[in-house]
Amino acid sequence: EKKVVLITGCSSGIGLSLAVRLASDPDKTFKVYATMRNLAKKERLIECVKSLHKDTLDILQMDVTSWQSILDARDRVVEKRVDILVCNAGVGLMGPLEVQSLDSMRQILEVNLFGTIQTIQAFLPGMKARGQGHILVTGSTGGLQGLPFNEVYCASKFAIEGACESLAILLQHFNIHVSLVECGPVNTDFLVNLQKAELGDTSLQQVDDLTLNLYEKYLQHCGSVFQNAAQDTEDIVKVFLEAIQSPSPAFRYFTSGDVPPLTKLKATEPGGSRYISALSKTMFSSEEQ
Ligand code: NAD
C-alpha cells in the first residue's frame with residue numbers, strides 16, 4: 001500500500017521539489033497530493049512530472065489561510081487518509097520593523113503560523129484515530145535565532161518551533177512523529193515572493209539614517225549569502241527523505257548537516273549577549289567575507 005503524502009506550497013521551491021521527488025520514487029512508494037494556493041501556477045510542477053503515471057501524483061488547490069480550502073482539499077484525498085503531512089507553505093517579510101503595517105505582519109502570521117497550525121488541525125484527528133502519522137514542517141534558522149530586519153518572520157518561525165515541540169510531546173502517545181526540517185538559505189523563489197522593503201521605497205523615507213545604513217548592509221550580506229552559500233532544493237529534499245524513511249524520526253533535522261555555529265553559540269550562552277554581538281558582527285561589519 002502506498003504512503004499518502006500531502007504537501008502544502010507546491011507551486012515552487014522546496015514543496016515543488018519534494019512533490020516531484022516523492023511522486024517519481026522508483027518503487028512508487030508514495031501517493032503525493034501536491035497542494036497549492038493558486039492552481040494557475042501548476043504548470044511548473046506538471047512540467048517536472050510529465051512522464052509520471054497519474055497514480056503517484058494529484059494536484060489540489062489549498063490555501064493554508066482558509067479553513068474551508070483545507071477541508072475541501074482533505075475531502076479530495078481519495079484514500080481518505082494522509083500518512084505524511086508536510087507543512088511547507090511560508091512567506092517572508094523583510095525591512096525595518098517600524099515600517100511594517102499591521103496588515104502585512106498579520107499576513108505573515110496567517111500563512112506561516114496559523115496556516116501551519118490549521119493544516120495540522122485538519123489532519124490530526126485522522127492520524128490520532130489510526131494511531132500513526134508523520135507531520136513534517138519546513139523550519140528555518142530564523143526559527144531558532146533572531147535575524148535583524150526579519151523580526152516578524154522570525155517571530156512566526158519561532159512560534160512554529162514552540163507549537164511543534166509542544167505537539168510532539170503529546171503525539172508520542174499516538175505513535176505520530178513530528179519533525180522540523182531546519183533550513184538555512186535555499187535557492188528558491190523565497191526572496192522573490194517575500195514582502196521586502198526596497199531601499200528607494202517611500203515608506204523608508206521616515207526611517208533614520210543609521211537604520212537605513214544597516215539595512216543596506218544587511219541586504220548586501222543577504223544577497224551574498226544566497227549567492228554563495230544557499231543550498232539547492234535537492235539537498236533539502238534529501239533531508240526530508242531521510243526523515244520520512246526513518247523508523248524513528250528525529251524532532252529536528254538540520255539541512256546543513258549540523259547545528260549552525262551561531263545557533264550552537266546561542267544554546268551554550270543562555271544570557272544571549274554573545275549571540276547578539278556575533279550576529280551583528282557577521283551581518284554589519286564591513287570587513288565581512
Ligand atoms: P517559495 O516561495 O518558493 O515557496 C513557498 C510556497 O508557499 C510558494 O509556493 C507559495 O505560493 C506558497 N504559499 C504562500 N502562501 C500560501 C498560502 N496561503 N497557501 C498555500 N501556499 C502558500 O520558497 P521556499 O523557500 O520553497 O519556502 C518553503 C518554506 O521554506 C517556507 O516555509 C520558508 O519559510 C521555508 N524556508 C525557506 C528558506 C529559503 O532560504 N528559501 C530558508 C528557511 C526556511
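For ligands, and for the atoms within them, numbers begin at 1 and follow the listed sequence.
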Applying side chain to side chain donor-acceptor pair (under 3.5 Å) to E47 and not counting sequence neighbours gives K50
I'd like to know whether ligand 1 has G139 as a neighbour, heavy-atom separation below 4.0 Å. yes
N/O of S12 under 3.5 Å from N/O of ligand 1, yes or no? yes
Can K3 be said to sit on top of F30's aromatic six-ring, NZ or CZ under 6.0 Å from centre and within 45° of the ring axis? no
For ligand 1, is T8 a contact, meaning one of its heavy atoms is under 4.0 Å away? no
Would you call the rings of Y215 and F149 parallel, tilted or perpendicular, where under 30° means parallel and over 60° means perpendicular? tilted
Heavy-atom nearest neighbour of atom 7 (O) of ligand 1 within options S11, G90, G142: G90
Report the member of F114, F190, Y153, F226 with the shortest heavy-atom distance to atom 27 (O) of ligand 1. F190
How about R74 and F123: do any of their side-chain heavy atoms sit closer than 4.5 Å? yes
Given that the side chain starts at C-beta and the backbone is N, CA, C, O, which of these parts of M36 lies under 4.0 Å from ligand 1, counting heavy atoms, or is it both or neither? neither
With a 4.0 Å cut-off on heavy atoms, does E110 reach ligand 1? no
Per-residue contact class, V64 against ligand 1 - non-hydrogen pairs under 4.0 Å: both
Considering only heavy atoms from C-beta outward, does the side chain of Q231 approach that of C183 to under 4.5 Å? no
For the CD atom on E98, are there more than 12 heavy atoms of other groups (residues, nucleotides or ligands in this structure) within a distance under 6.0 Å? yes
For the residue pair L219 and L199, what are the closest heavy atoms and their distance? CD1-CG, 4.1 Å
Starting from atom 23 (O) of ligand 1, which protein heavy atom do you reach first, and at what distance in Å? T188 OG1, 3.3 Å
Which residue holds the protein heavy atom closest to atom 2 (O) of ligand 1, what is that atom called, and what is the gap in Å? N193 ND2, 2.7 Å
The atoms of ligand 1 lying under 4.0 Å from a heavy atom of T65, numbered in the order shown, are 18 (N)
Ligand 1 to G13, heavy atom cutoff 4.0 Å, flagged ligand atoms 3 (O), 26 (O)
So does R106 have more than 12 non-hydrogen atoms from other groups sitting under 6.0 Å from CZ? no
Does N38 have more than 12 heavy atoms from other residues, nucleotides or ligands lying within 6.0 Å of its CG? yes
With a heavy-atom distance limit of 4.0 Å, tell me whether T35 approaches ligand 1 through its side chain, its backbone, both, or neither. neither
Cationic N near anionic O, under 4.0 Å, R252 to E161: yes
Over 12 non-hydrogen atoms of neighbours within 6.0 angstrom of CD in Q245: yes
So that I can tick it off, tell me whether K264 and E269 are bridged by a salt bridge, with the cut-off set at under 4.0 angstrom between side-chain N and carboxylate O. no
Looking only at non-hydrogen atoms, the one of N38, I14, V91, N88 nearest atom 29 (C) of ligand 1 is N88
Using a 4.0 Å cutoff against the non-hydrogen atoms of M62, which atoms of ligand 1 qualify? 19 (N), 20 (C)
Atom 39 (C) of ligand 1: closest protein heavy atom, distance to 0.1 Å, is V186 N, 3.5 Å
Residue selection (non-hydrogen contact nearest atom 14 (C) of ligand 1) among R44, R37, Q61, Q107: R37
Output the list of atoms in ligand 1 that are nearer than 4.0 Å to some heavy atom of P185, sorted by atom number. 40 (O)
Atom 22 (C) of ligand 1 has as its nearest protein heavy atom A89 CB, 3.6 Å
Please work out which of T138, T233, T116 has its closest non-hydrogen atom nearest to atom 30 (O) of ligand 1. T138
Going by an N to O cut-off under 4.0 Å, is there a salt bridge joining K28 and D55? yes
With nothing but distance in play, are any N or O atoms of K157 less than 3.5 Å from an N or O of ligand 1? yes
Atom 38 (C) of ligand 1 - nearest protein heavy atom and its distance: G184 O, 3.9 Å
What part of D63, side chain from CB on, backbone N/CA/C/O, both or neither, has a heavy atom under 4.0 Å from ligand 1? both
Does F226 have more than 12 heavy atoms from other residues, nucleotides or ligands lying within 6.0 Å of its CZ? yes
What protein heavy atom sits nearest atom 6 (C) of ligand 1, and how far off is it? G9 O, 3.8 Å
